[in-house]
There are 2 protein chains.
Amino acid sequence: MSDPIVTPFRSNTHNHRRCVDTAMARAEERCSRRGVRLTPIRRRVLELIWRRHEPVKAYDLLDQLREEHRAAAPPTIYRALDFLLGEGLVHRIESLNAYVGCGDPNHPHLGQFLICERCNAVAEMDDDDIQQLLARKAATQGFQVNWQTIEINGVCPACVAEGINGKRERKTE
Amino acid sequence: MSDPIVTPFRSNTHNHRRCVDTAMARAEERCSRRGVRLTPIRRRVLELIWRRHEPVKAYDLLDQLREEHRAAAPPTIYRALDFLLGEGLVHRIESLNAYVGCGDPNHPHLGQFLICERCNAVAEMDDDDIQQLLARKAATQGFQVNWQTIEINGVCPACVAEGINGKRERKTE
DNA sequence: CCACACATGTTATTCTATTGCAGTACTCGC
DNA sequence: GCGAGTACTGCAATAGAATAACATGTGTGG
């Protein structure tokens with residue numbers, strides 16, 4: 001039985017300040033254990049990502065960072081993101097060109113993402129069944145897997161509920 | 001039993017001219033059946049993609065198209081790609097910002113891609129087991145699936161064989 | 001033939017990301 | 001503490017990916 005949910009969808013009872021704090025503490029701890037430097041810029045970028053708790057664009061981060069750090073430029077952000085990606089502290093969502101905090105940096109994993117089209121919420125799964133099925137299917141083609149990008153678009157539970165309760169949105173085409 | 005392989009890896013016996021011709025004929029036939037116009041530009045872009053038989057970048061296509069069509073500009077390519085994507089004649093590989101021909105435009109599908117890191121070859125699968133497992137896992141989160149992006153990076157059979165035969169490449173980092 | 005829809009031309013702009021080089025700041029060994 | 005080396009940041013420019021907005025052309029049906 002795989003423990004599939006790394007980052008669930010935010011519930012209404014979600015205490016966001018606490019959630020950010022936990023993520024930051026985990027990052028600090030992990031970096032010091034690994035002997036790498038979570039510098040002020042890197043820390044701030046990670047925090048900005050967690051505060052939003054949804055996929056964030058690099059240039060949005062840049063705008064926010066500039067408010068407190070005049071010298072920030074694209075490389076500033078991309079370097080920070082590269083570091084955070086390398087340390088497993090954030091994931092990149094390919095289909096959105098955006099970045100989200102990783103709910104479980106302490107064991108390396110690829111992640112499978114559920115992305116809500118209506119509210120942009122993202123949940124992260126880390127499901128062995130999925131990985132193994134894909135690896136098995138790939139193996140039938142003689143293919144050796146190194147990396148998987150799995151991004152599932154659809155409607156999250158909260159938005160499904162809204163739809164049912166009459167507040168149905170036009171299905172854009 | 002799903003019929004998983006839409007486009008297999010190119011074998012050495014692969015007759016590429018014939019493969020391109022088949023794809024083009026299928027596209028012509030499909031477009032006329034659907035009453036949409038496979039104009040010269042669209043046809044040419046599709047053909048350029050199939051000739052390469054690997055993921056192609058939009059601006060590479062643009063450079064090639066410009067050689068024979070001076071007026072070509074970014075919108076020229078992106079409009080053609082939009083059309084081809086919409087008709088299911090090509091797929092976009094999110095993790096590469098690149099486009100590949102679809103091996104089976106005649107039934108709509110999402111596709112799962114095996115991408116070789118060494119030679120850039122791509123195989124397309126369309127596997128129900130995978131889709132259904134993902135839909136099932138998503139459902140346990142109360143999530144309704146509309147679309148799946150599945151891109152698997154690794155090493156294709158031909159490159160695995162090369163590796164075994166001593167021509168092993170340095171694992172970059 | 002005209003009107004309309006569709007397709008393409010053209011120019012500019014936005015968004016995403018990287019390169020290269022210069023300067024600064026930690027940190028390790030002395 | 002001090003110098004050397006590495007890692008980090010500043011800065012300017014540019015590459016790469018995609019779209020906007022509006023003009024012009026083309027093809028088909030009434």
Side-chain angles (χ1 to χ4, degrees), chain A residues 27-28 31-32 34-46 48-49 52 55-87 89-100 120 149 151 172-173, chain B residues 27-28 31-32 34-46 48-49 52 55-87 89-100 120 149 151 172-173:
Chain A
E28 296 277 7
C31 286
S32 78
R34 304 228 323 145
V36 297
R37 290 163 56 195
L38 189 63
T39 62
I41 291 178
R42 292 167 177 175
R43 179 185 296 107
R44 193 73 185 108
V45 170
L46 181 59
L48 290 171
I49 292 172
R52 289 273 295 271
V56 196
K57 303 269 186 172
Y59 277 67
D60 286 355
L61 291 170
L62 178 55
D63 288 342
Q64 292 186 256
L65 189 62
R66 259 208 255 260
E67 287 175 14
E68 60 202 46
H69 186 77
R70 299 294 311 289
T76 315
I77 290 295
Y78 284 105
R79 284 168 186 155
L81 288 171
D82 282 350
F83 173 85
L84 297 170
L85 287 165
E87 292 300 317
L89 295 167
V90 306
H91 291 289
R92 180 177 153 81
I93 307 293
E94 298 289 348
S95 57
L96 299 176
N97 293 338
Y99 305 83
V100 290
N120 293 323
T149 300
E151 298 172 8
T172 49
E173 169 213 359
Chain B
E28 296 277 8
C31 286
S32 78
R34 303 229 322 145
V36 296
R37 290 164 56 193
L38 190 62
T39 62
I41 290 178
R42 292 167 177 174
R43 178 184 297 106
R44 192 73 184 109
V45 170
L46 182 59
L48 289 171
I49 292 172
R52 288 273 294 273
V56 196
K57 303 268 187 174
Y59 276 66
D60 286 356
L61 290 169
L62 178 55
D63 288 342
Q64 293 186 256
L65 190 63
R66 256 208 258 261
E67 286 174 15
E68 61 203 47
H69 186 78
R70 300 293 312 287
T76 315
I77 289 295
Y78 284 105
R79 285 169 185 153
L81 287 172
D82 282 349
F83 172 85
L84 297 170
L85 288 166
E87 292 300 316
L89 296 167
V90 306
H91 291 290
R92 179 178 153 81
I93 307 292
E94 297 289 347
S95 58
L96 300 176
N97 293 338
Y99 305 83
V100 291
N120 292 321
T149 301
E151 297 172 9
T172 50
E173 169 219 0

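Naming: A, B, ... by sequence-line order, numbering from 1 per chain. Not measured: the values here are computed from a predicted model.
Without hydrogens or angle criteria, A/R42 side chain to A/F83 main chain gives no donor-acceptor distance under 3.5 Å. Checking side-chain atoms of B/K57 against main-chain N and O of B/L96 turns up a donor-acceptor pair under 3.5 Å. B/E151 places a side-chain N or O within donor-acceptor distance of the main-chain N or O of B/S95, the cut-off being under 3.5 Å.
The salt bridge (charged side-chain N to carboxylate O under 4.0 Å, His left out) search around B/R34 returns B/E87, not counting sequence neighbours. Partners of A/E94 by salt bridge (charged side-chain N to carboxylate O under 4.0 Å, His left out), not counting sequence neighbours, listed by chain and number: A/R92. The side chain to side chain contact (heavy atoms under 4.5 Å, CB included) test applied to A/A73 returns A/P75, A/T76, not counting sequence neighbours.
The CG atom of A/L85 sits 6.5 Å away from atom OH of A/Y99, with the distance rounded to the nearest 0.5 Å.
The interatomic distance linking B/L65 (CG) with C/dA7 (C1') rounds to 14 Å, in whole Å. Distance A/E87 CD to D/dA7 P: 13 Å, rounded to the nearest Å. Separating the CZ atom of B/R70 from the P atom of C/dT11 is a distance of 12 Å, rounded to the nearest angstrom. Going from atom CD1 of A/I41 over to atom C1' of D/dC11 covers 13 Å, rounded to whole Å. Atom pair A/R43:CZ and D/dC8:C1' shows a separation of 14 Å (rounding to whole Å applied). The separation between A/I77 atom CD1 and C/dT19 atom C1' is 18 Å, rounded to whole Å. Rounding to whole angstrom units, CG of residue A/L85 and C1' of C/dT16 are separated by 14 Å.
In this structure, B/T39 reaches the C/dT8 phosphate: one of its side-chain N or O atoms is under 4.0 Å from OP1 or OP2. Remark: A/H69 is not in phosphate contact with D/dT9, judged by side-chain N or O atoms under 4.0 Å from OP1 or OP2.
Contacts of A/A73 with the nucleic acid, taken as non-hydrogen atoms under 4.0 Å apart, are absent. Within the 4.0 angstrom heavy-atom criterion, only backbone atoms of the sugar-phosphate kind lie near A/R42; the bases stay farther away.
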Pairs under 3.5 angstrom, nitrogen or oxygen only, protein versus nucleotides 3-5 of chain C, please.
none

- Message: How would you summarise protein contacts on nucleotides 15-30 of chain D per nucleotide, using B for base, S for sugar-phosphate only and - for none, with heavy-atom distances below 4.0 Å?
- Response: --BBBBB-----S---

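Side-chain atoms of B/R52 and B/D60, non-hydrogen and from C-beta on, do get closer than 4.5 Å to each other.
Residue pairs meeting the salt bridge (charged side-chain N to carboxylate O under 4.0 Å, His left out) criterion with at least one partner in residues 61-78 of chain A, sequence neighbours excluded, are A/R44-A/E68.
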